[in-house]
Amino acid sequence: MPPAADIIAIAADHAGFALKEVLKEDLLAAGHQVMDLGTADGTTSVDYPDFGAALARAIAGGQATRGVVVCGTGIGISIAANREPKVRCALCHDVTTAKLAREHNDANVIAFGARVIGAEVARDALRSFLTTAFAGGRHAGRVGKLTPSETKPNLKAIA
Ligand code: RB5
């Protein structure tokens, strides 16, 4: 049973709705607290930036500790989530990318493309994401450079 404060937010657009529902059921069955931020069906066309932003706000505001976002490719909604500096959203395609997103990048949000990978692969990847710890060590400094205060000097250096 995860700690009570560990709330997992989940959000998707219409293309990701069906996979969101599958993953949400898995999370609930595993005893997680889930905050479903929509969308509410797979037939009404909606805009993925709205759902990525809603999830990012929940992470930034502390209402959720981790997150799952789904759209057709996983690309648009991961870009949207990553506009919030406290979010490290990793678009993952399998168990390997999900595991390394945690070990190397300390990702706190995982993104899936429902039109790209199958539900079983996504389910396995999400389990891996949730059970893998950040490796720290040499990765800690690199992840630190992703924070806003460190990003600016990096961008200047490559300009
Ligand atoms: C919606 O048709 C689609 O563009 C969206 O789900 C996503 O793939 C965007 O990146």
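Counting starts at 1 for both ligands and their atoms, following the listed order. Reckoned from all heavy atoms, side chains included, excluding hydrogens, waters and symmetry mates.
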Exercise answer, ligand 1 polar atom pairs (N/O) under 3.5 angstrom:
residue	atom	partner	partner atom	Å
ligand 1	2 (O)	Arg115	NH1	3.3
ligand 1	6 (O)	Asp13	OD2	2.6
ligand 1	6 (O)	Gly72	N	2.7
ligand 1	8 (O)	Gly72	N	3.3
ligand 1	8 (O)	Thr73	N	3.0
ligand 1	8 (O)	Thr73	OG1	3.2
ligand 1	10 (O)	Thr73	OG1	3.3
ligand 1	10 (O)	Gly76	N	2.9

- prompt: Does the pair Lys20 and Asp36 meet the rule for a side chain to side chain contact (heavy atoms under 4.5 Å, CB included), with working shown?
  reply: CA-CA 9 Å; Lys20 170 174 78 72; Asp36 187 345; 3.0 Å; yes
Within residues 67-92 or reaching into it, pairs that qualify as ring pair (Phe, Tyr, Trp, His ring centres under 6.0 Å) - sequence neighbours excluded: none
- prompt: Under a single-linkage rule joining Ile, Leu, Val, Met, Phe, Trp and Tyr whose side-chain heavy atoms are separated by less than 4.5 Å, which residues share a cluster with Phe17?
  reply: none
query: Would you say His14's side chain and Thr43's backbone share a donor-acceptor pair under 3.5 angstrom?
result: no
statement: Rounded to the nearest 0.5 Å, the CG atom of Asp50 sits from the CG atom of Asp13 at a distance of 10.0 Å
task: Just grab all the ring pair (Phe, Tyr, Trp, His ring centres under 6.0 Å) pairs involving residues 55-106, residues at least two apart or on different chains.
output: His104-His139
